[in-house]
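Below, read A as the first sequence line, B as the second, and so on, with proteins coming before strands; counting in each chain starts at 1.
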Amino acid sequence: MKQTARLSDSYERIWKTVRKIPRGKVATYGGVARASGLPRQARLVGYALHNLPPNFDIPWHRVINSQGRISLPKNGGHHERQRRLLEKEGIAFLKDRVDLKRYEWRAQSSKRKFLPKKKHAHVLPH
DNA sequence: CTAGTGACCCAAC
DNA sequence: GGTTGGGCCACTA
């Protein structure tokens, strides 16, 4: 059964990383991207989670944005569901936001592969 | 091929 | 605190 079976290698890397996020912790989209060897591709992480296969066993709710907020729109019910799942794991919300300093999970420094592009930014002082 | 969109991010106002 | 604009990449029409 191959049905649209060309889920990219990137998706699998991302899902694999998300499964490592421990209970009671959260990770940002960008953080998951980095931990997956895909720096600067936070958007892809959101895409990968949005397109999860049905009945997929993965702690998707532990991924939030860099502001410490839930990225799902509030008008679908998913937003509240994610929040409830997190609170059930002991994560506290303060005004729709969690304290990343306290709850953010960091992957054990996987040597960052490569940094694509980035154009030129000579912000360096001299 | 181009243009628009998206569970994103960051620096600058 | 808030908004704007650029950058990213995969996907769709």
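- If you take atom C1' in B:dA7 and the same atom in C:dA13, they sit 22 Å apart, rounded to whole Å.
- In this structure, the CG atom of A:L38 is 12 Å from the C1' atom of C:dA10, given to the nearest Å.
- Remark: side-chain polar atoms of A:W15 are not paired, donor with acceptor, to backbone N or O of A:L52 under 3.5 angstrom.
- The main-chain N or O of A:I91 is never found under 3.5 Å from a side-chain atom of A:R102 such that the two would form a donor-acceptor pair.
- For A:Y11, the listed nucleotide lying nearest its side chain is C:dA10; candidates were B:dC9, B:dC8, C:dA10.
- The interatomic distance linking A:N65 (CG) with B:dA7 (C1') rounds to 9 Å, in whole Å.
- In this structure, the CG atom of A:D96 is 15 Å from the C1' atom of C:dG1, given to the nearest Å.
- Looking at heavy atoms from C-beta onward, A:L100 lies in side-chain contact with A:I64 at the 4.5 angstrom threshold.
- Distance, A:Q67 CD to C:dG2 C1': 11 Å, rounded to whole Å.
- When every heavy atom of A:R19 is checked against every heavy atom of A:P59, the shortest pair comes out as CA-CD, 3.9 Å.
- Under the 4.5 Å side-chain criterion, counting only non-hydrogen atoms from C-beta, A:L86 is in contact with A:Q82.
- A:S66 has a side-chain polar atom (N or O) that falls below the 4.0 Å cut-off from OP1 or OP2 of B:dC9.
- Residue A:Y47 places its side chain closer to C:dA10 than to any other of C:dA10, B:dC9, B:dA7.
- Atom CZ of A:R40 and atom P of B:dC9 are 13 Å apart (whole Å).
- If you measure from atom CH2 of A:W15 to atom P of C:dA10, you get 14 Å, rounded to the nearest angstrom.
- In this structure, A:Q41 atom CD and C:dC11 atom C1' are separated by 14 Å, rounded to whole Å.
- Along DNA chain C, the nucleotide nearest to A:R97 and the one nearest to A:L44 differ in position, and the one closer to the 5' end is contacted by A:R97.
- Straight-line distance from the CD1 atom of A:I14 to the C1' atom of B:dC8: 12 Å, rounded to whole Å.
- Comparing C:dC11, B:dG6, B:dA7 against the side chain of A:R43 picks out B:dG6 as the nearest.
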